[in-house]
Amino acid sequence: GENVEQHPSTLSVQEGDSAVIKCTYSDSASNYFPWYKQELGKRPQLIIDIRSNVGEKKDQRIAVTLNKTAKHFSLHITETQPEDSAVYFCAPGAGTALIFGKGTTLSVSS
Amino acid sequence: DVKVTQSSRYLVKRTGEKVFLECVQDMDHENMFWYRQDPGLGLRLIYFSYDVKMKEKGDIPEGYSVSREKKERFSLILESASTNQTSMYLCASSFLGETYEQYFGPGTRLTVT
């Protein structure tokens, strides 16, 4: 089955810094690459996604880049703010089910 | 606005009890999912369903069963609850097709004593 790994597991940055979280996967059939954000005590929510025919996608301060050859994709957050503090999950998929990574806890201190 | 609701936010049950967790979505989604979330382990898929009366095992189906009698409702059943099933249970739904975005419910924190 699909093996998904996220690095780092925890990340602490100062407000205004950039943050990068990397997700590696094993299933070459994966064709959908989303990132979910889960704030403390809340449900996970999709923040950005990319499909295998696109290399990069941006939405304001967040971006996702995909390297399908190397089987990894990354979440980039620029100009971090305290409200970016949360757990972030990658969840590559091929078909109905997504396989979630173990999560990265991002802490942004002001 | 997508709404996915779960029957309870907190539940305490005794070992050996039969437990029902219910999820309802109002967006006419074909797909529905049950996950459990444990610290350091992320979200692990228990079962999913892509149509009424259809179900597929996820990564950790042992000790669980599911029921989908109506499109909007997906139930997770613990036939005989055990302490190692103490966890946060999250339901999600999505459309069938290319989008794949999953919308999550608020979760049920189940404690088995």
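Proteins get letters first, then strands, A, B, ... in listed order; numbering begins at 1 in each. No hydrogens, no waters, no symmetry mates; every other heavy atom, side chains included, goes into these values.
Exactly one of Lys58(A), His76(A), His72(A), Glu56(A) qualifies for a side-chain hydrogen bond (donor to acceptor under 3.5 Å, both in side chains) with Thr65(A). That residue is His76(A).
Around atom CD of Glu83(A), more than 12 heavy atoms belonging to other residues, nucleotides or ligands sit under 6.0 Å away. For CD of Gln45(A), the number of neighbouring non-hydrogen atoms (other residues, nucleotides, ligands) closer than 6.0 Å is 12 at most. Environment of NZ in Lys22(A): sparse, with no more than 12 heavy atoms of neighbouring residues, nucleotides or ligands closer than 6.0 Å.
Comment: Asp49(A) engages Lys57(A) in a salt bridge, judged by a side-chain N to carboxylate O separation of less than 4.0 angstrom.
Of the two parts of Asp38(B), neither the backbone nor the side chain holds a non-hydrogen atom closer than 4.5 Å to a non-hydrogen atom of chain A. For a residue to count as touching a neighbouring chain, one of its non-hydrogen atoms must lie under 4.5 Å from one of that chain's; by this rule Pro34(A) does not touch chain B. Only the side chain of Gln38(A) comes within contact range of chain B, judged by heavy atoms closer than 4.5 Å. Proximity to chain A involves both the backbone and the side chain of Leu41(B), based on heavy atoms less than 4.5 angstrom apart. Ile99(A) touches chain B through its side chain: at least one heavy atom from C-beta onward sits under 4.5 Å away, while N, CA, C and O do not. Using a 4.5 Å cut-off between heavy atoms, Gln102(B) contacts chain A through both its backbone and its side chain. Leu90(B) touches chain A through its side chain: at least one heavy atom from C-beta onward sits under 4.5 Å away, while N, CA, C and O do not.
Contact count against chain A (heavy-atom pairs under 4.5 Å) is highest for Gly105(B) among Gly40(B), Ala92(B), Gly107(B), Gly105(B). Taking Gly95(A), Gly41(A), Ala91(A), Gly93(A) one by one and counting their heavy-atom pairs under 4.5 Å with chain B, the maximum is reached by Gly95(A).
For Asp17(A) and Thr80(A), the side-chain atoms include no donor-acceptor pair closer than 3.5 Å.
Using cut-offs of 30° and 60° for the angle between ring planes, the Tyr35(B) and Phe100(A) rings count as perpendicular.
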